[in-house]
There are 2 protein chains.
Amino acid sequence: MAVRVLIVDDDKNINKLLKLYLEKAGYETECVFDGRAALTAFGRFEPALVLLDIMLPNIDGWDVCAEIRKLSDVPIIMLTARGETVDKIRGLELGADDYVTKPFDSKELLARVKAVLRRKQAPDEDEIVRYDNLSVNITRYETKVNDRLIEMPPRELELLYYLMSNPNRAFTRDQLLDGVWGMDFEGDARTVDVHIKRLRDKLNGLSEHWNIQTVWRVGYRFEMKA
Amino acid sequence: MAVRVLIVDDDKNINKLLKLYLEKAGYETECVFDGRAALTAFGRFEPALVLLDIMLPNIDGWDVCAEIRKLSDVPIIMLTARGETVDKIRGLELGADDYVTKPFDSKELLARVKAVLRRKQAPDEDEIVRYDNLSVNITRYETKVNDRLIEMPPRELELLYYLMSNPNRAFTRDQLLDGVWGMDFEGDARTVDVHIKRLRDKLNGLSEHWNIQTVWRVGYRFEMKA
DNA sequence: GACGCGTGTTCACAATTTGTTCACATTTGT
DNA sequence: ACAAATGTGAACAAATTGTGAACACGCGTC
């Protein structure tokens with residue numbers, strides 16, 4: 001499944017050239033020649049990247065850019081003719097990601113395309129649960145107490161994260177197995193106990209304000225003490 | 001992705017003022033106060049423009065200009081005190097691009113900066129990730145440690161770049177395959193391991209402040225040690 | 001087209017870490 | 001006190017990663 005690129009340029013030669021370059025580089029392309037067509041094609045084709053000329057019939061590039069931005073944060077590279085005054089501020093406000101001046105060579109263009117695609121997949125924020133002096137970062141797989149790293153195996157960390165994500169809630173062993181180990185775990189429920197013990201060994205006495213509590217005949221819970 | 005400007009002036013007030021103006025205008029700046037510092041900063045900071053005072057401790061502006069010209073054709077604007085005799089011929093020979101007489105006002109300065117960048121066809125900035133003594137330039141496909149080139153194949157470089165672009169984040173092998181190899185990679189996830197090993201072989205022991213860490217049952221991450 | 005060369009990928013096996021189970025001790029509730 | 005549930009340490013099993021070498025592939029050269 002190749003990455004799809006929508007090419008919007010009223011100059012048919014440039015359009016063709018772009019198509020050639022990109023398809024040779026393994027991208028899937030669709031070409032349109034005016035602003036209105038760009039918008040309808042955008043909805044249908046769902047490109048991962050848009051190459052957008054500024055000077056267009058119907059609706060100009062800026063407006064197309066703005067419309068697309070209302071729908072999606074797909075990367076957009078604006079195409080400008082040499083000599084055309086490029087108002088980069090305006091482009092920035094409208095959400096363009098890069099500019100390429102015509103005429104361009106294939107190498108530079110492809111480099112820009114790759115760069116923009118790379119830049120856009122900015123991974124999201126870390127997922128962290130905290131309470132008091134304890135924080136568990138499931139994105140980095142780091143546990144900290146008072147900003148000191150507490151080393152632990154992934155499963156323990158996941159278990160702690162799971163408990164902390166619903167503080168004070170009592171989880172049965174089966175719930176924990178389902179939530180942390182996955183539905184398909186076939187083993188002994190006592191496995192949970194061992195992991196709990198190891199967590200306790202690591203976290204024991206590090207705070208007065210929380211602990212991992214046993215709930216008899218039920219399971220365990222992460223207790224927050226007011 | 002701001003344009004980087006290196007400011008070289010021994011007068012701390014002027015330096016500060018320039019920094020203020022430029023950063024307000026969206027440039028990224030670095031300030032140094034003598035010629036020697038200018039040259040080392042130039043290598044590390046890789047500015048898109050240099051503002052260079054002529055009267056400097058250590059190495060004077062002309063010589064700094066000449067040294068920089070041996071390395072790069074980055075635009076250089078010379079700063080001269082009013083009344084200072086400006087040997088424009090000499091400047092021309094050395095490759096300076098413009099002169100600004102102190103004191104200057106912000107508007108004029110910014111106009112000159114923009115003009116010079118435009119004239120130089122402002123080659124778009126490289127995309128670089130750095131940490132401590134390590135930098136990876138994905139535009140040039142160059143990796144440096146302490147400004148020394150570390151040769152490595154493109155895939156390894158891309159992998160390193162990807163890891164470094166989110167330091168400390170644990171990536172699963174699948175995430176790395178998607179991000180570096182592309183969604184359409186059909187091969188074995190263990191491929192990542194081999195590239196990691198080769199990276200480690202190359203980077204091993206080059207710094208105490210970072211390394212590539214295994215996150216068990218998860219994947220790998222580029223660890224920055226505070 | 002044949003040939004090397006540098007890369008990228010896969011594979012097999014070793015090394016390591018983690019996950020699980022077990023047996024027995026201890027605690028809890030009735 | 002008794003049965004059931006949980007705590008605990010150690011042994012064991014399984015999964016994961018490290019590693020060297022072989023293989024495959026594209027690319028430019030001859």
Side-chain angles (χ1 to χ4, degrees), chain A residues 24-26 106-107 110 141-143 150-163 170-205 211-223, chain B residues 138 141-143 149-163 170-205 211-223:
Chain A
K24 197 172 172 191
S106 61
K107 254 197 167 149
L110 289 174
Y141 273 79
E142 281 179 353
T143 301
I150 309 287
E151 295 286 349
M152 64 178 63
R155 194 72 94 194
E156 278 173 44
L157 188 143
E158 288 162 3
L159 175 58
L160 178 58
Y161 184 90
Y162 195 80
L163 288 168
F171 292 98
T172 66
R173 290 176 179 69
D174 283 338
Q175 286 172 331
L176 293 173
L177 287 175
D178 285 353
V180 178
W181 277 256
M183 307 289 190
D184 49 341
F185 181 78
E186 298 286 337
D188 190 338
R190 297 297 307 281
T191 295
V192 175
D193 300 21
V194 177
H195 284 87
I196 291 285
K197 175 199 165 10
R198 290 175 181 167
L199 272 176
R200 282 171 169 161
D201 287 347
K202 291 186 179 67
L203 302 176
N204 192 9
N211 67 348
I212 298 174
Q213 206 178 49
T214 302
V215 183
W216 256 77
R217 303 218 31 198
V218 179
Y220 302 93
R221 66 186 190 131
F222 180 84
E223 184 187 29
Chain B
I138 195 81
Y141 275 79
E142 283 179 353
T143 301
L149 269 176
I150 308 287
E151 294 288 346
M152 64 177 64
R155 248 315 134 60
E156 278 172 45
L157 188 143
E158 287 164 4
L159 176 58
L160 178 57
Y161 184 90
Y162 196 79
L163 288 168
F171 291 98
T172 67
R173 290 176 179 69
D174 283 339
Q175 287 172 333
L176 293 172
L177 287 176
D178 284 354
V180 177
W181 276 257
M183 307 287 190
D184 48 344
F185 182 77
E186 297 284 338
D188 190 339
R190 297 298 307 281
T191 296
V192 176
D193 300 22
V194 177
H195 285 86
I196 291 283
K197 174 193 165 17
R198 291 175 182 167
L199 271 176
R200 282 172 170 161
D201 287 346
K202 290 185 181 67
L203 302 177
N204 192 9
N211 67 348
I212 298 175
Q213 207 179 46
T214 302
V215 183
W216 259 79
R217 292 207 25 199
V218 179
Y220 300 94
R221 62 182 198 155
F222 180 85
E223 184 187 29

Worksheet item: According to a strict under-4.0 Å criterion, is B/Y220 in side-chain N/O contact with OP1 or OP2 of D/dT16?
Response: no
Discussion item. What verdict does the side chain to side chain contact (heavy atoms under 4.5 Å, CB included) test give for A/E158 and B/R217, after you've listed the backbone C-alpha separation in whole Å, the side-chain angles of each residue and the deciding distance to 0.1 Å?
Written reply: CA-CA 11 Å; A/E158 288 162 3; B/R217 292 207 25 199; 4.3 Å; yes
Worksheet item: Counting any heavy atom closer than 4.0 Å, what does B/V192 reach on the DNA or RNA strands: base, sugar-phosphate only, or nothing?
Response: nothing
Worksheet, complete the sentence: To the nearest angstrom, the CD-P distance between B/E186 and C/dT9 comes to 13 Å
Discussion item. Tell me whether the side-chain N/O atoms of A/W216 come closer than 4.0 Å to OP1 or OP2 in D/dA4.
Written reply: no
Worksheet entry | Whole-Å gap separating P (C/dG8) and CD (B/E156) | 7 Å
Worksheet item: Whole Å only: how far is the CZ atom of B/R190 from the P atom of C/dC13?
Response: 14 Å
Worksheet item: D/dG20 phosphate, OP1 or OP2: any side-chain N/O from B/K197 under 4.0 angstrom?
Response: yes
Worksheet item: What nucleotide, of D/dG18, C/dT21, D/dT17, holds the atom closest to the side chain of B/R200?
Response: D/dG18
Practice prompt. Classify the side chain of A/R198 versus the base of D/dG9 as yes if they form a donor-acceptor pair under 3.5 Å and no if they do not.
Written response: no
Worksheet item: Does A/T214 place a side-chain N or O at less than 4.0 Å from the phosphate oxygens OP1/OP2 of D/dA5?
Response: no
Fill in: Separation of atom CG in B/D174 from atom C1' in D/dT17, rounded to whole Å
16 Å
Worksheet item: For the residue pair B/R200 and B/I212, what are the closest heavy atoms and their distance?
Response: NH2-O, 3.1 Å
Response to the item:
5'-most contact on DNA chain D (nearest-nucleotide basis), B/D201 vs B/V215, goes to B/V215
Worksheet item: Rounded to whole angstroms, how far apart are CZ on A/F185 and P on D/dA15?
Response: 11 Å
Worksheet entry | Nearest-Å distance for atom pair CG/C1', residues A/L199 and D/dT8 | 15 Å
Item to complete: On DNA chain C, check which nucleotide each of B/M152 and B/A189 is closest to and give me the residue with the more 5' one.
Response: B/M152
Worksheet, complete the sentence: A/D184 atom CG is separated from C/dT20 atom C1', nearest whole Å, by 16 Å
Worksheet item: Quick one: are B/L203 and B/N211 in side-chain contact, heavy atoms under 4.5 Å?
Response: no
Discussion item. When you measure from the side-chain N and O atoms of B/R173 to the phosphate of D/dT17, is any distance below 4.0 Å, counting only OP1 and OP2?
Written reply: yes
Discussion item. Between A/V194 and B/R155, which residue's closest nucleotide on DNA chain C lies nearer the 5′ terminus?
Written reply: B/R155
Worksheet item: Side-chain contact, heavy-atom cut-off 4.5 Å: B/Y220 with B/D193?
Response: yes
Practice prompt. May I ask you to verify if any side-chain N or O of A/W181 is less than 4.0 angstrom from the OP1 or OP2 atom of C/dG19?
Written response: no
Worksheet item: What nucleotide, of C/dT9, D/dA4, C/dT7, holds the atom closest to the side chain of B/P154?
Response: C/dT7
Worksheet item: Are OP1 or OP2 of C/dG29 and a side-chain N or O of A/R217 less than 4.0 angstrom apart?
Response: no
Worksheet entry | Atom-to-atom span, CG of B/D193 to P of C/dA15 - whole angstrom | 17 Å
Worksheet item: Can a side chain N or O of B/H195 be found less than 4.0 Å away from OP1 or OP2 on C/dT9?
Response: yes
Worksheet item: Short question: side chain of B/Q175, backbone of B/T172 - any donor-acceptor pair under 3.5 Å?
Response: yes
Worksheet entry | B/T191 side-chain N/O to C/dT10 phosphate OP1/OP2 under 4.0 Å | yes
Discussion item. Taking the side chain as everything from C-beta on, heavy atoms only, tell me whether A/D174 gets closer than 4.5 Å to A/V192.
Written reply: no
